[in-house]
Amino acid sequence: MKGDPADLTIAAAAAAMRAGELSATALLDAVRRRAAATEAQLHAYLTLDFEGAERAAAAADAAFARGEDPGPLAGIPVAVKDNMCTRGMETTCGSRILSGYHPPYDATAVARLRAAGAVVIGKTNMDEFAMGSSTENSAYGPTRNPWDPERVPGGSSGGSAAAVAAGSALGALGSDTGGSIRQPASLCGVVGLKPTYGLVSRYGLVAFASSLDQIGPFARTVTDAATLFEAVAGYDPSDATSYRGPVPEVRPGLEAGPAGLRVGVIAELAGEGNEPAVLAAFARMLEALQGAGAEVRQLSLPSMPYALDAYYLIAPAECSANLARFDGVRYGLRLPGDTVEEMMAASRRDGFGPEVTRRILLGTYALSAGYYEAFYGRAQKVRTRVIEDFARAYKEVDVLVVPTSPTTAFRMGERTEDPLAMYLADVGTIPCNLGGGPGISVPVGLDRWGLPIGFQVLAPPLGEAALLRAARAVEALAGFSARPALATSGVS
Amino acid sequence: MRWIVRPSWPGCPAAPPRGPQLAPGTILGVPVDIDIAKVARLARLALTPEEMERYGAQLGAILEHAVSLQALDIEGVPPTAHPLPMLNALRPDEVEETLDREEVLSQAPDREGPYFRVPPFLEEA
Amino acid sequence: MGYEAVIGVETHVEVATLSKMFCGCPNGFGAEPNTHICPVCLGLPGALPVPNARAIEATVSLGLALGAEIAPRSLFHRKNYFYADLPKNYQISQFDLPLCRGGHLDLETETGVCRVGLTRVHLEEDTGKSTHLGESGRIRAAEAVLLDFNRSGVPLMEVVSEPDLRSPEEARAYAAELRSLIVALGISEARLEEGQMRFDANVSIRPEGSSALGTKVEIKNMNSLRSLQRALAFEVERQTALLEASREVEQETRHWDEAAGVTRAGRSKEESSDYRYFPEPDLVPVTLETALLERLRAALPELPAQRRARYRALGLDPDAARLIAEGEGYGDVLDAAVAAGAEARAAALWLTGEVTAHLRRVGMPLAATPLTGAHLADLDALVAAGRLSATAAKEVLTGVLAGEGAPEEVAARRDLIQISDEGVLAAAVAEVLAAHPDELARLRAGEQRLVGFLVGKVMQATGGKADPRRVSEAIRRAAQ
């Protein structure tokens, strides 16, 4: 067993454990050392629970010793974004308003990870209530990009992306409402998957925008992402928006390769709005795909430029209602007040950060009397157009491709003064949240500052098979194997 | 209202096409006068006057983007509430396990015996 | 100038399901505080609602019974407002696509049938309960408020009437009839004292003959049929006095103060809420297919109006028909009695008279007594055969209710059986007539009042056991 186990993929670690070359306890130990070496700089985690993790690792080892196979994730150290409820473990959503909050139940996705034998090591940092694209909106301080600590890891699932990139977790769960898995995956050089809306239960995911939120995995390879996806996907009767049909089978066609794959480039999103390095890497991958036998063509989806604006009306509207429950009555931060109304207003003002406050105000306004039709109502109609455009495109192609993020990782503080600048980071990822289909970001190269570039594949709803086949093909063609210096030095 | 100038950082995506010129003070034909104090009250956010001015301006800027939505033809288009056409997700009328009261109340900022405790309501104070 | 009242009533009914509207917590009254709770009905972060199918079916059933139009596709909406007993600070309710629209409820009045139009019936979730600490009982000067979320999430049906009611009495009758219907359908026990059924009303007045609507005032906090009527009566008078003094009625929400017998202004006008309704994104639409509607329609029990009509057809007067139809268990007992051969009106009379008086005395419901329809049929047969006088029958009935056994048994034990045998009676009459020839002669001569005297003698001779009616007949016959 050479190399640091913290740098193993889930597949390799699982094989090593079954071959008796590695124990879950030793793997956890390696990850723990990596976390110790990197956390001071990265701040990917808000809560680390090595006691609980040790128990889970010991249980996995005991099961292996008995000759049992406890599941595909047995003994694998994973991290969970801090907006998913973990019973008895602090869950803050990156906000002061939930400081010290311990949920009395596990999110379904977390319960399924545990049932698959995963070793949950802790909760990762995030933009407050999943609102942001840089993890600078966390009330507990930002997470830094493992490739360059002066830069952001992306957001809102920045902590999960950074942990996987750094090797302080072999896999992680994040949530994606407008790109919050894919964009940080792109900026941190890891794989990030947002499944079809409804395939992963939202029960226990603290809601941001209910019709857009999805839980999904981070990993260093497409195959690993598939493993995590399979462990958490599937119907949950506790979630009325949960898809009742079978989970798409992604294994059979995973290695089928790019030959014969019909690939569409979304013209409106793959052009001059992207940084030159991003466009160059994107174009290189398109050529590689074509060279390997894929059919690549450009398609126009006219509603794409409007998706961002529609999103920034739908998401705040839904979130303004979803965050109303944080009022200091039953849990969370409470400031004193002479009346309960005063108490609520003071607690909320103090507990929410500026971005969250902004979106609550925007959403409240967009839904208020006289404005519903003009704003929210209209945005929902634009959403229909987006869905129609996707449906029409998928008649001609199997997958659509677009750069994940228009830029590589930007500097900390660069966009915090201007909310609009921050919002524009999501222009490539938002459409598929509106459309409901799955999306994945695969790292394909580095720019001249050594910052990762992500390549995004989109597929129709329930099209995970085609999505992962294409992603795997891109991954193979890109041959991206770079690791951030932080992950290999072991020195903080 | 002070509009924030559209940013021009390297690689900024091209702005989406603008819709027809609308009357000043309107967005999508609706007269807009953001009463930020009223919005903050509706949302139970005790903002300071300085905060209200700041957020009010930012809201205006963001909503200006909504103007672009006017350019897209949505005549006769039905709204979409859910991306996947799901219907009738119901549950049978069966009793399930409840939470342990102590575990729940342990998270309460203030409690009295088996109850959650809050300051008086506005109408009685 | 005469004014007429224009009244609409909004009724909230807690649906008697086993579990709550959006979660599996038990739906029941009187449990220890905060024990019927889960992430969903507590509004914990990450919780999600899933609708109770039975609550939806109950609402559709009510709509069918009211002749309403059932929406083929219905949506839940979020009604957004902040309140400490509303855990999510929004209520999952319905807005522009409710389960039922339109419909009507017919009231039987002395002047005929009054049809009250309905606007809609929809489904939503109830809130938690707040208890205000402070000086005992008084809402004002509370120091703190205690919250119990057991009731949070209980399914709540809302029935909205058109403003078709024209008097407080009519409004009360409407509320009572709606309650009967809801109870008959098994939707709720609708116990007003437990808050299972609550009323709000909208009241305006306008000059008689006018078709324009006056300014509407909303009245809240009427928790019994009586307070509904009293509150409306007060409000109509208050508004009339204002208009007669050439002042205006303000559009507002007022609360009924039961103790003081007045409505009081509530919160100020500017608090009128902007609920920012939007479709609930955590739920998907409900579609109601024809097959389901047919099944629910076929399963509807006999409705109160139908039952009352059936009893009237059996010969009962309208008041008796109503009392029997509404009395808990009365209808079933009457139906059994009639099936066993009893005369409907006689059986009904016993039920509304003696039985009701007895139940009130002992404080029990009918179901707790051993009385059956068969008993009433037996009793009726005994009276028809002349073996029991009307008075004796009542006594026997009391005995049956008290558990002394079947009518024949009770009558025998209490020695109430009359002599009805023709021969025995004839003999007794003959004996008495023979012993009183003068009286007989005077009777024959026209002194009718002597019948009573002679009947009395026969009663004496038979130890009170003769059927006085028959004896009287026999004496009259003999006097011809």
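Just so we're on the same page: letters track the sequence lines, and every chain starts at 1.
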> Any sub-3.5 Å donor-acceptor pair from A/Arg325's side-chain atoms to C/Asn89's backbone N or O?
no
> Working to the nearest 0.5 Å, report the span between CD of A/Gln380 and CZ of C/Phe278.
9.5 Å
> Please flag which part of C/Tyr90 lies under 4.5 Å from any non-hydrogen atom of chain A: side chain, backbone, both or neither.
side chain
> If every non-hydrogen atom of A/Ala369 is compared with every non-hydrogen atom of C/Asp274, which pair is closest and at what distance?
N-OD2, 2.8 Å
> What option among A/Met344, A/Met343, A/Arg202 has the most heavy-atom pairs under 4.5 Å with chain C?
A/Arg202
> Which heavy-atom pair separates C/Pro279 from A/Tyr372 by the least distance, and what is that distance?
CD-OH, 3.3 Å
> side-chain contact (heavy atoms from CB on, under 4.5 Å), that's the test. Do C/Leu147 and A/Arg330 meet it? Break it down for me.
CA-CA 9 Å; C/Leu147 298 167; A/Arg330 290 142 287 128; 6.0 Å; no
> Select, from C/Pro51, C/Pro45, C/Ala47, the one with the greatest count of heavy-atom pairs under 4.5 Å involving chain A.
C/Pro45
> Using only atom types and a distance under 3.5 Å, with no angle test, would you say the side chain of A/Tyr105 pairs donor to acceptor with the backbone of C/Cys38?
no
> Does anything in residues 15-28 of chain C reach chain A? List residues with heavy atoms under 4.5 Å apart, or say none.
none
> Any chance you could lay out the side-chain contact (heavy atoms from CB on, under 4.5 Å) test for A/Asn322 and C/Arg78, step after step, and finish with the verdict?
CA-CA 10 Å; A/Asn322 284 328; C/Arg78 288 191 185 175; 2.9 Å; yes
> Find out whether A/Tyr203 and C/Val40 are in side-chain contact, i.e. whether some heavy atom of one side chain is under 4.5 Å from a heavy atom of the other.
yes
> Over all heavy atoms of both residues, which pair between A/Pro104 and C/Leu44 is shortest? Give the atoms and the distance, please.
CG-CD1, 3.5 Å
> Measure distances from A/Ala317 to the heavy atoms of chain C and classify the residue's part below 4.5 Å as side chain, backbone, both or neither.
backbone
> Donor-acceptor check, side chain of C/Asn80 to backbone of A/Ala321, threshold 3.5 angstrom: yes or no?
no
> Report which part of A/Ser238 has an atom under 4.5 Å of a heavy atom belonging to chain C: side chain, backbone, both, or neither.
backbone
> The test is side-chain contact (heavy atoms from CB on, under 4.5 Å); show your working for C/Arg276 and A/Tyr376 and say whether it passes.
CA-CA 11 Å; C/Arg276 288 160 277 133; A/Tyr376 187 74; over 6 Å; no
> Would the number of heavy atoms belonging to other residues, nucleotides or ligands and lying under 6.0 Å from CD of C/Glu294 be above 12?
yes
> What do you reckon, is CD of C/Glu194 surrounded by more than 12 foreign heavy atoms closer than 6.0 Å?
yes
> Pick from C/Leu283, C/Val284, C/Leu42: which one has the most heavy-atom pairs with chain A under 4.5 Å?
C/Leu42
> Restricting to non-hydrogen atoms, name the atom on C/Asp282 and the atom on A/Thr241 that form the minimum distance, rounded to 0.1 Å.
O-CG2, 3.6 Å
> What closest approach, in Å, do A/Ala240 and C/Pro49 show between heavy atoms, and which atom pair accounts for it?
CB-O, 3.7 Å
> Measure C/Tyr275 against the heavy atoms of chain A and call it side chain, backbone, both or neither at under 4.5 Å.
neither
> So, for A/Val329 and C/Ala84, which heavy atoms are closest and what is the spacing to 0.1 Å?
CG1-O, 4.1 Å
> Quick check on A/Thr364 against chain C: is it the side chain, the backbone, both or neither that has a heavy atom closer than 4.5 Å?
both
